[in-house]
2 protein chains.
Amino acid sequence: MEKLTLQHSILETLPESLRRDALNGLQAIQFEHGKVLFRAGDPCQGLPLVLHGSVKVQMTGLSGNSIVLYRMGADDICTLSIGCLMTGDGFRAEAVVEEDAKVLMVPRGLFDRLMDQSADFRLGIMESYGRRLNDLMLLVEEVAFRRMDDRLSQWLEARAAEGSIRITHQELAVELGTAREVVSRLLKELERQGKLRLSRGRISFVQ
Amino acid sequence: MEKLTLQHSILETLPESLRRDALNGLQAIQFEHGKVLFRAGDPCQGLPLVLHGSVKVQMTGLSGNSIVLYRMGADDICTLSIGCLMTGDGFRAEAVVEEDAKVLMVPRGLFDRLMDQSADFRLGIMESYGRRLNDLMLLVEEVAFRRMDDRLSQWLEARAAEGSIRITHQELAVELGTAREVVSRLLKELERQGKLRLSRGRISFVQ
DNA sequence: GGCTGTTCAGTGATAAAGTCACACAAGGAA
DNA sequence: TTCCTTGTGTGACTTTATCACTGAACAGCC
């Protein structure tokens, strides 16, 4: 709990009365790296608005394998929570903080009031939902049809600017929704091609 | 265009004034089997509410392979359209009518008015979104981790009560997001085990 | 009936990816 | 040091995907 300034774009355009409601009804919560926002099965406490940091949402299959579904960053909305909030069902996925994050929790009552009284808020929610749906459709396509070596290379290239990254093969396997051994072999092959240098818990990009 | 009775649960609880708006602003459109509601890239004309029939939504990857993302049936809402309606982006997927369908098209203006003035309508939209998101998450998990023979068997078992179904191996491959040859081989194996009888364009369940 | 073109299905060969089992290496703690 | 945990490498094998064909089933025609 701290001084509040409603630093989330979806709250910026609220009329004065709702703004006051929001200031009263909202609490900013700080989460550190590794903290779990929610797990599969948890009931939904409210709609999280991410102010900054990074949170990954992943799901674990019956087989025990996991896959990262999407990430939330600054100014993002945890769309997944809305459905759970509405139906009262538990979460199907879990959310883990990657970079220390600050989150505003919008409780059910306030959410309903905002939806009722602010067209901009509604628009923001709908847009967020639409984007999430599109992302997931693309992910289905990617998982179903794209080759693992392509997907791995693409994932790495997106981070190559950093020179080197700290990640285990197991974590990378969860990113891509595959098995650790597959990642190990593909990485080894890239190292043989001279594109990477591998060490325990770290991948370094050559050049 | 025909006599309208607003036969969709999301429209049932509208207050009288909105009800009149809906009766004026809506047109019921009949689509026959095989008709394409929208294709990838098409702009969104409005929110389709499915009154009856069945529509499948599928997407085609860069590789040219396709996969069925979900189906819409009686009393369903084409959630995917909302995002496109909001952002003005084109569709990423395509919708094909499987069983002759009747659809109400809600234009943008009326949609906004309904969202603004009916809490029940909002609730219906949010629930639909939530369900779709959950379905897609499950599909990601299924495609990423479940074995193809399991998924095929499950798909078939869900339809075994009908005795036999008309479908080509190619169509079944699109249902599961795999290649035709894979389906052919797995089906042949099931036939060898005496669980099926195969003929051109038809699968018959034994017993 | 017999031709002809099209769609559908079957299959071998090969490559990619997933699974299982295990060896070993790196690093931290006692 | 030794022990323990976590992370990585790899062989053997299965499942799935891809490529390249073959031939069967059906429809429309003469």
Side-chain angles (χ1 to χ4, degrees), chain A residues 33-34 60-68 139-156 164-204, chain B residues 33-34 60-68 139-156 164-204:
Chain A
H33 168 80
T60 301
L62 296 174
S63 58
N65 300 39
S66 300
I67 183 170
V68 173
L139 182 60
V140 169
E141 195 266 316
E142 174 156 332
V143 170
F145 302 127
R146 286 192 49 208
R147 291 187 38 159
M148 198 49 80
D149 50 0
D150 276 359
R151 293 176 55 209
L152 175 62
S153 295
Q154 182 181 321
W155 195 96
L156 291 171
S164 95
I165 51 178
R166 282 203 61 77
I167 191 169
T168 67
H169 297 185
Q170 176 58 47
E171 288 164 346
L172 198 32
V174 171
E175 290 291 327
L176 300 172
T178 182
R180 198 266 313 159
E181 299 91 313
V182 175
V183 170
S184 288
R185 271 189 257 262
L186 291 173
L187 284 175
K188 207 69 197 164
E189 178 56 27
L190 289 174
E191 188 180 42
R192 270 191 282 271
Q193 293 171 14
K195 298 178 181 166
L196 302 175
R197 284 277 295 131
L198 300 177
S199 49
R200 187 186 171 91
R202 175 172 299 281
I203 300 172
S204 311
Chain B
H33 168 81
T60 300
L62 296 174
S63 58
N65 300 39
S66 299
I67 183 170
V68 172
L139 181 60
V140 169
E141 196 266 317
E142 174 157 331
V143 170
F145 302 126
R146 288 190 49 207
R147 295 187 35 155
M148 198 50 79
D149 49 1
D150 277 358
R151 292 176 57 209
L152 175 62
S153 296
Q154 182 182 321
W155 196 96
L156 292 171
S164 95
I165 50 177
R166 283 203 62 77
I167 191 169
T168 67
H169 297 185
Q170 177 57 47
E171 287 163 347
L172 198 32
V174 170
E175 290 291 328
L176 300 172
T178 184
R180 199 265 313 161
E181 300 91 315
V182 174
V183 170
S184 288
R185 272 189 256 262
L186 291 173
L187 284 175
K188 206 69 198 165
E189 178 56 27
L190 289 173
E191 188 180 42
R192 270 190 282 271
Q193 293 171 14
K195 297 178 181 166
L196 302 175
R197 285 276 297 131
L198 300 177
S199 50
R200 186 187 171 89
R202 175 172 297 281
I203 299 172
S204 312

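Every chain is numbered from 1 and lettered A, B, ... according to where its sequence line falls, protein lines coming before strand lines.
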Asker: Does A/His169 put a side-chain nitrogen or oxygen below 4.0 Å from OP1 or OP2 of D/dG9?
Answerer: yes
Asker: A/Leu196 has an atom CG; how far is it from atom P of D/dG9, in whole Å?
Answerer: 11 Å
Asker: Any side-chain heavy atom of A/Lys188 within less than 4.5 Å of one from A/Glu191?
Answerer: yes
Asker: Quick check on DNA chain D: between A/Arg147 and A/Gly201, whose nearest nucleotide comes earlier from the 5' end?
Answerer: A/Gly201
Asker: Write down the distance between CD1 (B/Ile203) and P (C/dC8), rounded to a whole number of angstrom.
Answerer: 13 Å
Asker: Using the side-chain heavy atoms of B/Arg192, tell me which of these nucleotides is nearest: C/dT11, C/dA9, D/dT16.
Answerer: C/dT11
Asker: B/Gly177 and A/Phe145: which non-hydrogen atoms are nearest, and at how many Å?
Answerer: O-CE2, 3.5 Å
Asker: For C/dG18, does OP1 or OP2 lie under 4.0 Å from any side-chain N or O of A/Asn65?
Answerer: no
Asker: Choosing from C/dA17, C/dA25, D/dA25, which nucleotide comes nearest the side chain of A/Arg200?
Answerer: C/dA25
Asker: So B/Glu175 and B/Leu152, do their side chains get closer than 4.5 Å, heavy atoms only?
Answerer: no
Asker: To the nearest angstrom, how far is B/Leu190 atom CG from C/dG10 atom C1'?
Answerer: 15 Å
Asker: What is the separation between atom CE on B/Met148 and atom C1' on D/dT18, rounded to the nearest whole Å?
Answerer: 14 Å
Asker: Once you round it to whole Å, what is the distance between P of D/dG9 and CD of A/Gln170?
Answerer: 14 Å
Asker: Within a strict 4.5 Å, meaning less than it, do heavy atoms of the B/Ile203 and B/Leu190 side chains meet?
Answerer: no
Asker: Distance check needed: D/dT16 C1' versus A/Arg146 CZ, whole Å only.
Answerer: 18 Å
Asker: Over all heavy atoms of both residues, which pair between A/Val68 and A/Leu139 is shortest? Give the atoms and the distance, please.
Answerer: O-CD2, 4.0 Å
Asker: Can you name the nearest heavy-atom pair linking A/Glu141 to B/Gly61, along with the distance?
Answerer: OE2-CA, 2.8 Å
Asker: Can you list, in residue-number order, the parts of residues 171-187 of chain A that come under 4.0 Å of DNA chain D, counting heavy atoms only?
Answerer: A/Arg180, A/Glu181, A/Arg185
Asker: Between atom CZ in A/Arg151 and atom C1' in C/dG18, what is the gap in whole Å?
Answerer: 13 Å
Asker: Where do B/Leu176 and B/Ile67 land on the side-chain contact (heavy atoms from CB on, under 4.5 Å) test, with the steps shown first?
Answerer: CA-CA 6 Å; B/Leu176 300 172; B/Ile67 183 170; over 6 Å; no
Asker: Find the distance A/Glu191:CD to D/dT10:P and express it as a whole number of Å.
Answerer: 9 Å
